Novice: 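This is the structure, below, for whatever I ask next.
Just so it is clear: chains get the letters A, B, ... in the order the sequence lines come, proteins before strands, and each one is counted from 1. Source: prediction; values computed, not measured. All values below were derived from every heavy atom in this structure, side-chain atoms included, with hydrogens, water molecules and symmetry-related copies excluded.
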Amino acid sequence: MVSTFDPARAVRLDFPRGAALASDDERLVLLPAAALIELTLEAPAELRVTLGKALGASLGARVAKRLGGSDGATKATLEGFLNELAGEVAAAGLGTLGLERWGRALVVTVGNPAVEDDAFLAGLVGAALATATGKDTHAVHLANADGQAKLLVASRGTAERVRGFVADGVSFGAILEKLHGGAA
Amino acid sequence: MSQLDPRVPKLEALLTRIKTRAAEPRAAQPVQAAPVKVAAAAPAPQPIPIAAKGPATAPPPTAPPPTAPPPTAPPAESVVRSAPHTIGGPPPSRRSHGALPAVSPPPARPSSPANTAIRIPEDRKTPVPTSTEPASFGSDATLSAVRIDADSSVDALLAQQGEGEADYDDATIQASVEKPSTTLAGVGVGTLPPLTRSPVTPIPQAPASAPRAIEAPYEEEERHHTPPPESGKQKAPSLVPAVAAPVAVPAARKSGELPRLNDDDPADDEGTLSGVGGGLGAPAAKVTGSVVAEARPIVQTVHAASLPKGTVAAATSGSAAPTAPSSLGDLLDLTLAL
């Protein structure tokens, strides 16, 4: 699948108007990552999730637009979709993106994240997928490994259940086992 | 007392006339405004697209002096041209009002690097609108610093980069964002090949001209180059049916630019991957039969210049595995059903 992501047009700086624009002319703000980090350090979890969702929804909307809407996004190959979304995430300076499949579970990896906040990344990934595909997807931060944050993509109910596992200290592998019907 | 010099009355009359003339009001004298010369000497400026809108922070120009001629260029252009002056010295608007005693230019900043870095030739100066305040640094000065150099040198740079003037005239500056990489590896549910390689050979950096890996269609026979040795950590939870074999094959290999592992070397086929098996139809090479939930997916990425790594790793396979989803929607349906 040929990618439609054009990095040269991902961010445009309109100096006369003092504006930074995305490829769909959405206005952006270029701010230091430290500002976001400061915010996530101070804000409660709900607000961090909300912030991540707002960013993720913006990224997902651009992906969906290029792929022909949410229908086009869901019909896209995994590689094709990832290519588009990873480009947006990279252009936003939020990190690199990858996908891992563990059985039927889908795990999104965020490498070199600008903001290493679990709630923020969960909101970002969940909202990006949800906005792009039109499905009710949620993300739960499972672990950090090798500089990558691993987030499980799940339904709302499963996400709540997995959050409980994480809070109980269940390991990454054990959570995947449980999701596939096993008893860790 | 001697007799008065006969020239004294004449001198007194002359002195009286001088006093009378000196007492006449100065307001009647016209003010010669400096901008007249500047405006007359300035050539018609080339329109600068970025100046069409003007800086949002520029204050509205004040009324020009009665004798000042209207500027020959639109104010917006003038603002852009004038901005460099605000970096290293008094703003040009004040310079144009140099004859007005009420306006005193601020002291120049000789230490400013921009003062020496940006110079506008006299023949390129453009009359500027009157302004009581210098343009703010945040928008106008910075912008002008870019644009003034862009008159010639940046155009040449853009031409070298193949951008042409179309983008430059777009009144926007395109951010230079490196093309992200896309090192997508195959998704191998049910089709995973035998995992027979152990040490991961360092992959040389792909040349910048290499085709994007993601754009190349994936072919099955490419998948059997699977990186490897995670076996020491791998456990087999046995809850997920079939064999989990994280597979990540850089699609850039299709271009043939990446070195391949030696297929003929039997040493490479030794069982460093015990616990990680093959998929449907794959030759059973040291398959122990269960998913390794805690094992990290083995991801082999292609390091292309300036490209982020996007990878897809598959960690499932086997006869009991569901049919490989062909699209993101199918995969999400499977995932959300968990």
Novice: Check step by step if side-chain contact (heavy atoms from CB on, under 4.5 Å) holds for A/Arg101 and B/Thr335.
Specialist: CA-CA 9 Å; A/Arg101 292 182 54 204; B/Thr335 299; over 6 Å; no
Novice: Could you look at A/Ala20 and say if it's the side chain, the backbone, both or neither that has a heavy atom under 4.5 Å from chain B?
Specialist: neither
Novice: What residues form a salt bridge (Lys or Arg N to Asp or Glu O under 4.0 Å) with A/Lys75, not counting sequence neighbours?
Specialist: none
Novice: Quick one: what part of A/Ala154 sits under 4.5 Å from any heavy atom of chain B, side chain, backbone, both or neither?
Specialist: backbone
Novice: Starting from the C-alpha separation in whole Å, work towards a yes-or-no answer on side-chain contact (heavy atoms from CB on, under 4.5 Å) for A/Thr74 and B/Leu328.
Specialist: CA-CA 5 Å; A/Thr74 53; B/Leu328 173 67; 5.7 Å; no
Novice: Side chains of B/Leu331 and A/Arg104, heavy atoms from C-beta outward: is any pair under 4.5 Å?
Specialist: no
Novice: Would you check if B/Leu336 and A/Asp136 make a side-chain contact, meaning some heavy-atom pair closer than 4.5 Å?
Specialist: no
Novice: Near A/Lys135 NZ, under 6.0 Å, is it more than 12 heavy atoms from other residues, nucleotides or ligands?
Specialist: yes
Novice: Indicate the atoms forming the closest heavy-atom contact of B/Leu338 with A/Leu179, along with that distance.
Specialist: CD2-O, 3.4 Å
